[in-house]
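As the structure lists them, so they are numbered: ligands from 1, and atoms in each ligand from 1.
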Amino acid sequence: MTVERTIESIVIAGAGLAGATAARTLRSEGYQGRISLIGAELHHPYLRPPLSKEYLLGRAGEDAIPVAPEAWYSENDVDLRLGVTVAAVDPGPHTVHLSSGESVGYDALLLATGALPRHVRLPGSGLDGVATFRTLDDCRRLREQLAPGGKNVVMIGSGWIGMELAAAATAYGNQVTLLGLEDIPLAAAIGPELGTFFRSLHEANGVRFRLGATAAELRGDAGRVTAVVTGTGEILPADVVVVAVGVAPDTSLAEAAGLVIDNGILTDASLRTSAPDIFAAGDVANALHPFTGQHHRSEHWSNALNGGKIAAKTMLGQEATLATIPYFYTDQYDISMEYSGFPALAAGAEPVIRGTLAGKEFIAFWQHEGRVVAGMNVNVPRTQKAIKALISSRATIKPGRLADPSAALDQLLAD
Ligand SMILES: Cc1cc2nc3c(=O)[nH]c(=O)nc-3n(C[C@H](O)[C@H](O)[C@H](O)COP(=O)(O)OP(=O)(O)OC[C@H]3O[C@@H](n4cnc5c(N)ncnc54)[C@H](O)[C@@H]3O)c2cc1C
């Protein structure tokens with residue numbers, strides 16, 4: 001027997017993409033009760049992907065980043081509090097306590113607190129000119145520093161964000177050195193062959209790499225950074241240092257409330273947490289994925305978007321599961337890349353390549369037990385639908401067919 005609950009007050013902690021999308025979905029689904037959307041940042045909800053790409057480069061303006069027009073929140077009677085945090089959750093009485101001193105009762109609570117950049121604790125990491133990169137304010141500060149060009153920029157971290165920032169800094173005419181722990185950048189994510197492809201792309205654009213390398217110390221003068229000293233004692237001149245060594249899910253609120261945490265807030269496929277009437281979505285949620293039967297925490301835009309929608313529907317008592325195939329994209333120099341799939345299943349598999357890396361136009365497929373589990377298209381637009389269909393089908397496909405450019409992707413399933 002299902003018990004009908006009356007939902008009159010929904011609180012959303014975190015006004016990022018997942019939180020704001022949940023608010024939008026609640027209204028589009030016809031929910032007329034109270035929505036309190038609480039955001040620690042001072043800005044209306046915005047998209048982060050442009051911050052390391054076209055917005056940082058000044059090629060897209062302010063209209064490229066909002067999740068919804070600013071007026072949408074008041075027009076749709078969403079109580080949006082900016083610069084306010086949810087300081088504590090009291091799951092028993094269903095109440096949240098805000099940093100403003102107020103308390104708000106909830107019938108359903110969504111935790112969409114996102115992720116926080118990891119720091120490296122090094123001598124000198126507090127110097128001016130050294131920063132992590134996550135927010136619109138970080139982006140505006142970095143743009144001011146990079147835009148004049150002619151600076152020495154050291155990027156600590158050779159993951160996707162470090163690589164995108166390196167591309168942007170280079171486009172502004174700065175000299176970039178990328179410091180990475182891995183011997184080949186991105187190798188853990190996409191393997192050595194494709195990691196080398198991205199490394200070569202950056203080198204062709206003037207980026208220098210120090211790989212298998214650590215930063216040991218940051219040196220400065222009059223409070224401002226002047227150099228990064230590597231673990232081997234090399235001194236890299238630096239006017240700007242960005243620490244881009246990944247993020248960690250911001251679980252502090254959930255942990256204090258006693259929720260089950262395991263690499264993020266653990267949820268079922270409908271984004272319910274271990275506590276009644278508390279849900280989680282976006283970067284902070286480690287959700288059960290129906291396709292793999294395993295938990296999967298994704299730090300990508302599409303997961304925050306889809307998760308926000310699913311959490312809203314679940315909060316309203318609808319049957320909904322987050323079953324979409326994980327997806328993300330990156331743009332660097334003249335490269336536009338999209339990736340769909342399950343990195344955990346693809347790990348260690350040799351990619352099957354359709355096209356040529358040298359021609360910068362190819363699709364890479366990863367297989368597990370003969371089935372396609374991930375696919376990445378580089379400068380081959382409009383292929384994601386077919387890649388996702390191959391993954392969803394669980395069909396066994398011969399590598400030769402995957403690699404054969406004369407075999408249309410949407411025909412492979414008919415073979
Ligand atoms: C520079 C950059 C570039 C990216 N590029 C891509 C890309 O190209 N492709 C891609 O797929 N993904 C990309 N991503 C990842 C994508 O942006 C994230 O996956 C997405 O933003 C996650 O959304 P979220 O709502 O879960 O969390 P967030 O965007 O982190 O939002 C959470 C919000 O909650 C707030 N908050 C935290 N705690 C509280 C609290 N207690 N009370 C109130 N508010 C709180 C935070 O301040 C934050 O504003 C990028 C991320 C960054 C930073």
side-chain contact (heavy atoms from CB on, under 4.5 Å) involving Thr170 - partner list, sequence neighbours excluded:
Val176, Asn205, Val207, Tyr333

Glu41 versus ligand 1: do any nitrogen or oxygen atoms come within less than 3.5 Å of each other?
yes

Does a side-chain N-to-carboxylate-O contact under 4.0 Å join Asp138 and Arg134?
no

Can you pull out the closest protein heavy atom to atom 40 (C) of ligand 1? Residue, atom name and distance to 0.1 Å, please.
Val86 N, 3.7 Å

Please check if any side-chain donor atom of Arg27 sits under 3.5 Å from a side-chain acceptor atom of Asn76, or the reverse.
no

What salt bridge (charged side-chain N to carboxylate O under 4.0 Å, His left out) pairs are there with at least one residue in residues 168-196, not counting sequence neighbours?
none

A student checking ligand 1 against Lys53 at a 4.0 Å heavy-atom cut-off should list atoms 5 (N), 6 (C), 7 (C), 8 (O)

Does Val84 reach ligand 1, in the sense of a heavy atom lying below 4.0 Å from it?
yes

I need the nearest protein heavy-atom contact for atom 20 (C) of ligand 1: residue, atom name and distance, please.
Asp283 OD1, 3.9 Å

May I ask you to list the atoms of ligand 1 that are less than 4.0 angstrom from any heavy atom of Ile161?
1 (C), 2 (C), 3 (C), 4 (C), 52 (C)

Any nitrogen or oxygen of Ala40, main chain or side chain, under 3.5 Å from a nitrogen or oxygen of ligand 1?
yes

Under a 4.0 Å heavy-atom limit, does Ser298 contact ligand 1 with its side chain, its backbone, both, or neither?
neither

Under 3.5 Å, is there a donor on one side chain and an acceptor on the other for Gln384 and Tyr329?
no

Write out the residue and atom name of the closest protein heavy atom to atom 11 (O) of ligand 1, then the distance separating them to 0.1 Å.
Trp301 N, 3.0 Å

For atom 15 (C) of ligand 1, the protein heavy atom that lies nearest, with its residue and separation:
Glu299 O, 3.4 Å

Could you tell me, atom by atom, which parts of ligand 1 come under 4.0 Å of a heavy atom of Ala115?
30 (O)

Once the angle between the rings of Phe328 and His300 is folded into 0 to 90°, is it parallel (under 30°), tilted (30 to 60°) or perpendicular (over 60°)?
parallel

Among all protein heavy atoms, pick out the one at the shortest distance from atom 39 (C) of ligand 1; state its residue, atom name and that distance to 0.1 Å.
Thr113 CG2, 3.7 Å

Tell me which protein heavy atom sits closest to atom 25 (O) of ligand 1, plus the residue, atom name and distance to 0.1 Å.
Ala18 N, 2.9 Å

Numbered in order shown, the ligand 1 atoms found under 4.0 Å of a heavy atom of Leu253 are 41 (N)

Could you check whether His296 and Phe291 have their ring centres less than 6.0 Å apart?
no

In a check of side chain to side chain contact (heavy atoms under 4.5 Å, CB included) between Leu259 and each of Leu266, Thr267, Leu111, which one passes?
Leu111

Using a 4.0 Å cut-off to any heavy atom of Asp250, which atoms of ligand 1 qualify?
37 (C), 38 (N)

Is a donor from one side chain sitting under 3.5 angstrom from an acceptor on the other, for Gln332 and Thr330?
yes

Does a side-chain N-to-carboxylate-O contact under 4.0 Å join Glu41 and Arg48?
yes

Protein heavy-atom partner closest to atom 35 (C) of ligand 1 - residue, atom, separation in Å:
Gly14 CA, 3.9 Å

Closest candidate by heavy atom, reference atom 17 (O) of ligand 1, pool Arg48, Arg134, Arg81
Arg48

Against heavy atoms of Ile38, which atoms of ligand 1 measure under 4.0 Å?
43 (C), 44 (N)

Determine whether more than 12 heavy atoms belonging to other residues, nucleotides or ligands lie under 6.0 Å from atom CZ of Arg59.
no

Which atoms of ligand 1 have any heavy atom of Leu17 under 4.0 Å away?
25 (O)

Which of the ligand 1 atoms, numbered from 1, are nearer than 4.0 Å to a heavy atom of Thr85
42 (N), 43 (C)

Taking Glu62 first and then Arg140, would you say they form a salt bridge - that is, a charged N and a carboxylate O separated by under 4.0 Å?
yes

Pick, from Gly307, Gly39, Ser52, the option with the minimum heavy-atom distance to atom 3 (C) of ligand 1.
Ser52

Distance-minimising heavy-atom pair for Tyr106 and Asp90
OH-O, 3.9 Å

Identity and distance of the protein heavy atom lying nearest atom 9 (N) of ligand 1
Tyr329 O, 3.3 Å

